[in-house]
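All values below come from the heavy atoms of this structure, side chains included, with hydrogens, waters and symmetry mates left out.
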Amino acid sequence: MSKTLIRGAKLLGGEPQDVLIDGETIIQVGAGLSAEGAEVVEAGGKVLLPGLVDLHTHLREPGREDSETVLTGTRAAASGGYTAVFAMANTFPVADTAGVVEQVWRLGKEHGYCDVRPIGAVTVGLEGQKLAELGAMHESAAGVTVFSDDGKCVHDAVIMRRALEYVKAFDGVVAQHAQEPRLTEGAQMNEGVVSAELGLGGWPAVAEESVIARDVLLADHVGSRVHICHLSTAGSVEIVRWAKSRGIRVTAEVTPHHLLLTDELVRSYNPVYKVNPPLRTERDVLALREALADGTIDIVATDHAPHPHEDKDCEWAAAAMGMVGLETALSVVQETMVDTGLLDWAGVADRMSHAPARIGRAEGHGRPVSAGEPANLTLVDTAYRGPVDPAGFASRSRNTPYEGRELPGRVTHTWLRGKATLVDGKLT
């Protein structure tokens with residue numbers, strides 16, 4: 001097995017250290033290491049993190065390979081420093097059976113750029129009427145532990161309760177897309193001053209907050225785990241903070257775009273800014289940053305949502321909702337959280353690796369960078385700053401809201417169990 005010596009990296013942003021990898025495992029961490037025959041990576045000044053884990057990725061395969069495939073999506077993940085992603089269930093056919101989740105899992109194994117953990121649907125066809133085969137998906141080769149109807153809300157309280165009861169048997173988690181459907185009929189953007197001025201259908205914060213409030217109470221009643229997808233409002237933060245203070249088993253995620261962008265951008269009518277949930281206000285953005293810093297929000301998840309050109313190059317009302325995010329997530333987090341002093345790099349490692357791996361029960365990921373651990377790692381040039389150019393993306397889609405925007409940080413290397421998937425910014 002090959003050896004790799006990463007020399008002089010700032011481990012979690014701390015003092016420079018060397019890291020020696022032998023095969024799939026880190027075998028030594030310290031100063032002045034040497035290893036005969038090892039490939040040496042000079043990492044002076046760069047930050048070494050555990051491989052990132054994304055609990056919310058849309059890989060689109062099967063069914064929408066024009067947007068993304070497991071291959072292109074995992075190549076994008078490796079480019080962004082990820083070693084594991086959780087693939088959402090809203091594919092065609094829906095990932096609501098053992099057969100479909102195993103197909104996605106096997107495609108991830110074949111391509112090898114990162115580990116792919118399928119997320120199973122909560123209900124058959126994402127229709128919210130009948131529980132999907134939760135137990136069969138868990139017992140399948142894919143070993144599904146996270147279930148979500150993301151893209152749609154599990155709006156029926158009885159169905160949500162039954163799902164929480166079911167997954168409790170094998171320590172699973174239900175990840176809820178919090179969107180009360182009646183309150184968001186015809187909604188095009190955040191409900192507020194900007195929507196009123198533009199005459200676009202408003203998406204009120206209470207449509208998210210009311211579902212979160214219901215579901216944390218259900219999780220408390222059942223004694224099960226609930227995870228809140230792409231939390232986006234200041235009110236949602238307060239509900240999750242209250243639930244955690246009560247000891248309720250709730251976790252929550254925020255996307256990079258909700259940490260940086262506001263609904264003021266919708267004034268351009270550029271559909272690249274159309275997303276679900278919508279971009280909110282500056283007040284919401286600041287509340288989300290503070291909540292991520294203090295741990296009320298547990299993780300950053302990309303909600304990587306690729307779309308073909310024609311689904312975004314159209315009038316606002318007809319455009320699809322979603323943004324790609326795997327290749328820019330770490331840069332946005334550096335800009336909004338690290339460069340502002342809200343998080344250090346150890347905090348980033350927790351929110352983007354340790355905690356998502358723990359919530360999703362992704363064994364071998366989110367581990368400390370220390371001897372005896374799997375060599376799932378990412379190396380970041382934090383001094384870099386440059387414009388985002390989607391033409392260079394590994395993703396099949398280009399619907400990024402950051403085109404031309406200068407962002408800090410660049411992932412230069414990614415290792416999956418000791419095998420380099422990205423070297424000097426280029427996929428292997």
Side-chain angles (χ1 to χ4, degrees), residues 54-58 86-90 94-96 118-132 134 137 144-168 171-184 203-233 235-244 248-255 258 275-278 288 291 296-303 305 321 355-356 359-361:
D54 188 21
L55 202 66
H56 193 144
T57 301
H58 296 273
F86 284 74
M88 277 296 174
N90 56 344
V94 171
D96 56 5
I119 291 176
V122 177
T123 65
V124 175
L126 308 180
E127 294 177 354
Q129 302 299 315
K130 180 182 177 183
L131 281 184
L134 309 186
M137 288 187 278
V144 176
T145 57
V146 183
F147 299 87
S148 181
D149 277 1
D150 183 64
K152 295 183 179 180
C153 179
V154 182
H155 63 274
D156 186 303
V158 173
I159 295 290
M160 187 64 180
R161 174 184 175 171
R162 297 293 179 241
L164 289 166
E165 289 172 333
Y166 203 115
V167 302
K168 184 181 177 183
D171 191 32
V173 62
V174 179
Q176 175 68 293
H177 173 112
Q179 177 191 349
E180 210 295 316
R182 291 296 302 279
L183 289 173
T184 54
W203 185 307
V206 70
E208 174 176 300
E209 295 157 7
S210 59
V211 172
I212 295 173
R214 181 202 73 178
D215 287 353
V216 296
L217 292 174
L218 285 174
D220 188 30
H221 180 70
V222 173
S224 189
R225 293 198 296 141
V226 67
H227 178 76
I228 309 303
C229 295
H230 41 49
L231 183 149
S232 69
T233 77
S236 295
V237 166
E238 291 307 312
I239 295 166
V240 170
R241 186 174 282 132
W242 171 85
K244 287 190 170 189
I248 297 172
R249 301 177 71 193
V250 57
T251 53
E253 71 190 31
V254 65
T255 71
H258 285 113
V275 67
N276 179 346
L288 294 172
T296 301
I297 296 175
D298 300 82
I299 66 170
V300 176
T302 70
D303 193 8
M321 293 184 177
I359 293 166
R361 304 298 191 249

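Summarising the geometry of Cys153 relative to Val211, their closest heavy-atom pair is SG-CG1, 3.8 Å, with the distance given to 0.1 Å. Contact detail for Leu164 and Ala219: the closest heavy-atom pair is CD1-N, 3.9 Å. When all heavy atoms of Ile248 and Trp242 are compared, the closest pair comes out as CD1-CZ3, 4.2 Å. Residues Gly360 and Val146 share a closest heavy-atom pair of CA-CG2, 3.9 Å. When every heavy atom of Ser148 is checked against every heavy atom of Ile119, the shortest pair comes out as N-CG2, 3.6 Å. Contact record, Val122 with Ala163: CG1-CB, 3.7 Å, taken as the closest heavy-atom pair.
In this structure, Lys130 and Thr123 have side chains that are not in contact, with every pair of non-hydrogen atoms separated by 4.5 Å or more. Between Trp203 and Leu183 the shortest side-chain heavy-atom distance does not fall below 4.5 Å. Proximity of Val154 to Ile159: side-chain heavy atoms (C-beta onward) are separated by under 4.5 Å at one or more points. Contact of the Ile212 side chain with the Val240 side chain is registered, since non-hydrogen atoms from C-beta on lie closer than 4.5 Å. When side chains are defined from C-beta on, Tyr166 does not count as touching Val174, because their heavy atoms never get closer than 4.5 Å. Put simply, the side chain of Val173 does not reach to within 4.5 Å of the side chain of Thr145, judged on heavy atoms. Residues Val237 and Arg241 have side chains in contact (heavy-atom distance under 4.5 Å, counting atoms from C-beta outward). At least one side-chain heavy atom of Val250 sits under 4.5 Å from a side-chain heavy atom of Ile228.
Contact check on Arg225 versus Asp171 returns a salt bridge, with a Lys/Arg side-chain nitrogen under 4.0 Å from an Asp/Glu carboxylate oxygen. A salt bridge links Lys244 to Asp298: at least one charged side-chain nitrogen sits closer than 4.0 Å to a carboxylate oxygen.
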Exercise for the section: Apply side chain to side chain donor-acceptor pair (under 3.5 Å) to His227 and Gln176, showing your working. Expected result: CA-CA 6 Å; His227 178 76; Gln176 175 68 293; over 6 Å; no
Practice task
Would you please test Glu253 and Ile359 for side-chain contact (heavy atoms from CB on, under 4.5 Å) and show each step?
Solution key: CA-CA 11 Å; Glu253 71 190 31; Ile359 293 166; over 6 Å; no
Problem - Verdict with reasoning, Arg161 to Val222, per side-chain contact (heavy atoms from CB on, under 4.5 Å) - result: CA-CA 7 Å; Arg161 174 184 175 171; Val222 173; 4.0 Å; yes
Exercise for the section: Verify side-chain contact (heavy atoms from CB on, under 4.5 Å) between Val226 and Leu218, making sure each step is shown before the conclusion. Expected result: CA-CA 9 Å; Val226 67; Leu218 285 174; over 6 Å; no
Practice task
Walk me through it: do Glu180 and His155 pass the test side chain to side chain donor-acceptor pair (under 3.5 Å)?
Solution key: CA-CA 7 Å; Glu180 210 295 316; His155 63 274; over 6 Å; no
Practice task
List the steps, then state whether side-chain contact (heavy atoms from CB on, under 4.5 Å) holds for Glu165 with Ser224.
Solution key: CA-CA 7 Å; Glu165 289 172 333; Ser224 189; over 6 Å; no
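Note that CD1 of Ile239 and CG of Asp215 are 10.5 Å apart. Values are rounded to the nearest 0.5 Å. Once rounded to the nearest 0.5 Å, the distance linking CG of Asp149 with SG of Cys229 reads 10.0 Å. The distance from atom CG of Leu131 to atom CG of Asp96, rounded to the nearest 0.5 Å, is 11.5 Å. To the nearest 0.5 Å, atoms CD1 (Ile299) and CD1 (Ile297) are separated by 10.0 Å. Put simply, OG1 on Thr255 and NE2 on His56 are 9.0 Å apart, with the number rounded to the nearest 0.5 Å.
The side chain to side chain donor-acceptor pair (under 3.5 Å) with His177 is formed by just one residue from the set Glu208, His230, Lys152; it is His230.
Neither side chain, His258 nor Asp303, offers a donor N or O lying under 3.5 Å from an acceptor on the other.
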